[in-house]
Amino acid sequence: MAWTEKILRVNLTQGTVTPEPLNMDWAMQYLGQRGLASKYLAAEIDPKCDPLSADNKLIMTTGPLTGTSASTAGRYSVVTKGPLTGAIACSNSGGFLGAELKNAGWDMIIFEGRAKSPVYLYVENETAEIRPADALWGRTVWETDAMLHRKHQDPLLRIATIGRAAEKGCLYAAIVNDLHRAAGRSGVGAVMASKNLKAVAVRGTRGVGNLKDPARFLQSTAAAKKLLAESGVTGKGLPTFGTQVLMNVINEVGALPTRNGSAVQFDGARDISGEAMREPRKTDHRPNLTTNAGCFACTIACGRISTVDRGHFTISNKPEYWGASGGLEYEAAWALGTDTGVSDLDALTYANFLCNEDGMDPISFGATVAAAMELYQIGALTKTDTGGLELNFGSAEALVRAAELTAKGEGFGLELGLGSKRLCAKYGHPEFSMTVKGQEFPAYDPRGIQGMGLTYATSNRGACHLRSYTVSSEILGLPVKTDPLATEGKAELVKTFQDVTAAVDSIGLCVFSTFAWSLADIAPQLDAACKGEWNAARLLEAGERIWNLEREFNNAAGFTKKDDTLPERMLKEPAGTGPAKGKVNNLAAMLPEYYKLRGWTEEGVPTAATRRRLGLGA
Amino acid sequence: MLKSLHIEAEKCTGCLQCELACSYRGEGVFNPAKSRIRVFTFHDEGRFAPYTCTQCAEAWCLHVCPVEAIIDNPATGAKEVVAGRCVGCKVCTIACPFGTINYNQDRKIVHKCDMCGGDPECVKSCPTGAILFLDADQTGLSRMRKYAGQQIHS
């Protein structure tokens, strides 16, 4: 079975907590997690609603395999209408919270309305209570976590919370669980803050089971774990270097957006790479990387736990940051470092700590600072505007000061907290915003990796690498190698990756498993655990259904074909160096074919035939 | 030959696969809260450490039990709880200096590691080899080898 078949509906306006059965007809169509919660959201809110109003809902959701021993089965997602983009938002997080929620007996929690004053939700198995959080408001993620553990006298409590950034209106605020795992993107934390919901604390002791065929489940999950262990990526590269294994690789291929995308290669890449994280520092002879760490049930363990040199200027007089904590993933290292031109590894690590401590998406934050730096460089933004902050490219001091201000929601940090689209529009240069649908794009330059251009342009949550990680094919050669500079075949590649990923997310597994697993490796695990008959073809179809559902939500919210585009820089300014030198992203060569393959009209709207085929209605 | 669980904490990633395997064998569900082996996170040090019963030869839990519900399995050396005999008085949980025998409120008896009858699930489930099942007399062997090697390489 694996679903608990129970959801918790929390009405914050009324102060009520009501259990209800999971809609199993929908579960058979949309699996769980991202897909199923998107179905609930689309059915229950007006896509045109103000994301920060009481009309929006926020869903914390697990997948059918979440909480089982399948490798990487610890994922949960937050689904809502995103305030950064106005599009449907689904932010996925690892750690241990999702499995704990499942263990407490719940597939998902739907938050609706808005509390009159700050509250948190306490869940202990069947018991769920809305409790006052006045004392927690204004506190960081880390303080809130410690206070709730102390208050409940329970070290095993799993906690997801927002920090001060969300409370102060940061539109890319994250919801952080287990201190440094995050539902990071699209500003889901800002929605949580708008509901006066500070935290969710969960303790589950019921167990996850009720498997359809336990012997087959143990057998198929063991076989799948073996595949992960034997893969060069999931068995070696990721545990050793984390996602930071990519910094040097992407720099080499000339697809590393540098200094707000004004270049595609970074001379400081080596200094902030996964390799550099493992080397002893000259100053204290200890490496930045302390250990690797796994999320719940994950046999890959790509997580980075890092320690900053105590003598480093960022923390020398702040002993509270001397301990180990969540270190740099590739996207964070890129946004905080490459994109701002800063090559001081410990400064980036400290800025990353701040993103975790106060709940900010490091991608959007770093990319917004990068855009601000370009505005500053040309004089469109001055020291008067920034409150004295000298936002020079390459300045570690400016980066960490900007992080401190944005985390706390002080001074110029309030403006940085609104994201690069709003910032660049305000200062007269919208072209400096490296965003799609208002969301900052991550660490792959679409001029050097053509498929990622189509990925960003069509992503349902705004620019994002995790909606169709064609880097896997175009650079790493998995499952098959394609030419990163070619556009031929990319429409189909992107569509397939989008559909596969939607299914993987919705099952409750980590997308990194797909470096070694295809849907044919995943389906037997799901089929052994869950009711229904699950094979790769049916999962792929579910993924396609989910993608179209999200698309229709966005179309209803007011997005059109003209939003499926890239920043002008990616379309008109050729890459200056590296293998992609002279190239722009040729989106126009891919987008019409993509619409066609999707079964959409030339305007990007699913046709009646497509809707019928996927069971979305006539 | 008796075997012992041997834990090399520096290899642990904190993924909890051992807790999942242990609880599944013991309770039939994936439930870290009911695992006999537990993984501890030492956050500021960036370390994880699994810990479970070491199967004392003169086991305090066994000696203190008023109803003789804890017995020595001579085949494995494990101290095992006899479910039908345990009355849930919890005296053993007080006696154990290591905290590795605990009350199970669902089943109203105590539970502890029984080394799965000689084929521990935690060992098989650990993806990094942090939990090993070794000759009980030789659990220090790899550490001895490491230090012996320092003489060669210095």
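Using a 4.5 Å cut-off between heavy atoms, B:E45 touches chain A through its backbone atoms (N, CA, C, O) alone. With a threshold of 4.5 angstrom between heavy atoms, A:I300 does not approach chain B through any atom at all. A:P155 does not touch chain B: none of its heavy atoms, backbone or side chain, sits under 4.5 Å away. Residue contact with chain B, scored on non-hydrogen atoms closer than 4.5 Å, involves the backbone and the side chain of A:A297 alike. Heavy-atom distances place the side chain of A:F217, and not its backbone, under 4.5 Å from chain B. Looking at B:Y24, the atoms closer than 4.5 Å to chain A (heavy atoms on both sides) all sit in the side chain, from C-beta outward. Residue contact with chain B, scored on non-hydrogen atoms closer than 4.5 Å, involves the backbone and the side chain of A:N292 alike. With a threshold of 4.5 angstrom between heavy atoms, A:L228 does not approach chain B through any atom at all.
More than 12 heavy-atom neighbours from other residues, nucleotides or ligands sit within 6.0 angstrom of CZ on B:R107.
Classified by interplanar angle (parallel below 30°, tilted 30° to 60°, perpendicular above 60°), the ring pair A:F296/A:F96 is perpendicular.
Looking only at distances, no side-chain donor or acceptor of A:T243 sits under 3.5 Å from a matching main-chain atom of A:E329. Side-chain atoms of A:T66 come within 3.5 Å of backbone atoms of A:G63 as a donor-acceptor pair (strictly under, hydrogens ignored). A donor-acceptor distance shorter than 3.5 angstrom exists from the side chain of B:T52 to the backbone of B:R36, with no hydrogens or angles considered. Using a distance-only test at 3.5 Å, with no hydrogens or angles considered, no donor-acceptor pair links the side chain of A:W3 to the main chain of A:D107.
Contact detail for A:Y350 and A:V308: the closest heavy-atom pair is N-CG2, 4.1 Å.
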Please determine whether salt bridge (Lys or Arg N to Asp or Glu O under 4.0 Å) holds for the pair A:D178 and A:R158, giving the CA-CA distance in whole Å, both sets of side-chain angles, and the decisive distance to 0.1 Å.
CA-CA 6 Å; A:D178 304 291; A:R158 302 292 187 183; 3.6 Å; yes
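With respect to chain B, the highest number of heavy-atom pairs below 4.5 Å among A:L218, A:T299, A:T307 belongs to A:T299. Residue with the most contacts toward chain B among A:G294, A:A293, A:S325, A:S69: A:S69 (heavy-atom pairs, distance under 4.5 Å). Listed options A:T291, A:T290, A:N103 were ranked by heavy-atom pairs under 4.5 angstrom with chain B; first place goes to A:N103.
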